Structure formats: C-alpha cells, structure tokens
Amino acid sequence: MPHSLGWYYTPTPTGFVLHLSATPDHLRATRALIGKTLADAGVCEGQSHAVQLVMSELFGNAVRACGDFVPLVAEVAVEPPRGSGCSAERGVRAMLHDPYRLALPVLSGVRLDDPEVESGRGLPLIDLLAPGWRVAGTPVGKQVRCRIPAEREAGL
C-alpha cells in the first residue's frame with residue numbers, strides 16, 4: 001500500500017480505517033487493500049468484488065460532490081462469521097466519509113440495464129449490492145454507510 005501524502009492506514013481487528021485524499025492512485029490502492037483485507041478474512045471473492053465496487057462508486061460520488069483531492073475516510077469491517085468456510089454468512093460493512101454534508105446522494109431513477117444513459121447508475125448499483133445503505137450527517141460532513149451481505153445471504 002502506498003506511503004504517500006494523503007494516505008494514513010490503520011488496521012482494525014475486523015478490517016481497517018483509511019484516511020486518504022481522493023486521487024486515482026489512492027482509489028486503486030484502496031481497492032487492492034479491500035481485496036487483500038477481505039481475502040485474509042476469508043470473505044468470498046464475489047463478495048469482495050462487490051465491496052470494491054461499492055467503495056469505488058462512493059469514492060466517485062464524493063469526488064463529483066467535493067472535487068479532486070478531497071479528504072476522505074474509508075472504513076471496511078468484516079462481520080463475525082455465521083457458519084464456516086466460504087459459505088459462511090459474514091456481511092461486510094463499507095463506509096465512506098467526506099466533508100460536504102450538503103451534497104446528499106439521491107437515487108436518480110436510472111435503470112441499470114438502460115443502454116441509453118451515460119451516467120447515474122452508481123447509486124442504483126449500490127442499492128442492488130448494499131440494500132438499505134444510508135447517509136448520516138456528522139459534525140464535519142457526512143458518512144455513507146453500506147452493508148454488503150454474504151453471497152448466500154444475497155442470493156448470489
């Protein structure tokens with residue numbers, strides 16, 4: 001993982017907290033960190049890809065709302081397993097905090113399978129992969145909170 005300005009990684013017992021500035025390199029590194037963290041925790045590959053995609057969409061939304069190099073805080077936490085092996089039901093929580101409290105995400109009504117639209121699929125995709133996601137205001141901005149269910153729990 002990068003050791004650069006705007007990147008401060010803290011492992012936690014169930015995942016990590018990452019303070020970062022929004023850059024393409026940091027997004028790539030964050031996706032790699034999610035993949036490694038979840039693989040080390042025994043999370044199935046499909047669910048790991050879903051977490052990476054959700055975090056990428058949240059990251060992109062934050063950049064559109066706040067601009068390049070915005071300071072973000074990404075958190076990933078693996079829930080305790082219910083069962084054993086890759087089929088164990090263990091959801092993953094993914095959260096992204098940005099400093100702009102007024103720019104709240106709003107579902108656009110765009111269909112994921114609409115071939116005519118060029119944008120607006122991000123939140124419907126998050127809604128599909130992390131049903132029940134929500135936004136919470138914080139003293140210094142907002143945090144989008146998602147729970148990506150286990151593959152079996154999600155019917156994948």
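Worth saying up front: this structure is predicted, and the values here are computed from it rather than measured. Numbers for residues simply follow the sequence, beginning at 1. Because only heavy atoms are used, hydrogens play no part in the values below, and waters and symmetry mates are left out as well, while side chains stay in.
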Heavy-atom closest contact (I34 atom, F16 atom, distance):
CG1-CZ, 3.8 Å
Shared hydrophobic cluster for L129 and V135 (ILVMFWY, side-chain gaps under 4.5 Å)
yes
At their closest point, which heavy atom of A150 faces which heavy atom of R90, and how far apart are they?
CB-N, 3.4 Å
Same cluster or not: are V73 and V63 linked, directly or through other Ile, Leu, Val, Met, Phe, Trp or Tyr residues, by side-chain heavy atoms under 4.5 angstrom apart?
no
Where the side chain of K142 meets the backbone of Y100, is there a donor-acceptor pair that is under 3.5 Å apart?
yes
Checking V92 against Q47 for the side chain to side chain contact (heavy atoms under 4.5 Å, CB included) test, could you report, in this order, the C-alpha distance in whole Å, the side-chain angles of both residues, the deciding distance, and whether it holds?
CA-CA 8 Å; V92 176; Q47 186 181 13; 3.7 Å; yes
Between W7 and T30, is the side chain to side chain contact (heavy atoms under 4.5 Å, CB included) condition met? List the steps.
CA-CA 10 Å; W7 178 272; T30 301; 3.6 Å; yes
Would you confirm whether H97, through its side chain, and L72, through its main-chain N or O, come within 3.5 Å as a donor-acceptor pair?
no
Where do V144 and W133 come nearest, in terms of heavy atoms and distance?
CG1-CE3, 4.0 Å
Ignoring hydrogens and geometry, is there a side-chain-to-backbone donor-acceptor pair from E57 to L123 under 3.5 Å?
no
Donor-acceptor contact present, side-chain E79 to main-chain T14, <3.5 Å
no
Tell me whether S48 contacts the main-chain N or O of C44 through its side chain, where contact means a donor paired with an acceptor under 3.5 Å.
no
For residues M95 and L27: do they belong to one hydrophobic cluster (side chain heavy atoms under 4.5 Å, members Ile, Leu, Val, Met, Phe, Trp, Tyr)?
no
Please tell me whether R31 and S56 have a donor and an acceptor in their side chains that are separated by less than 3.5 angstrom.
yes
Say whether V17 and V51 are linked into one hydrophobic cluster, either directly or through other cluster members, by side-chain heavy-atom distances under 4.5 angstrom.
no
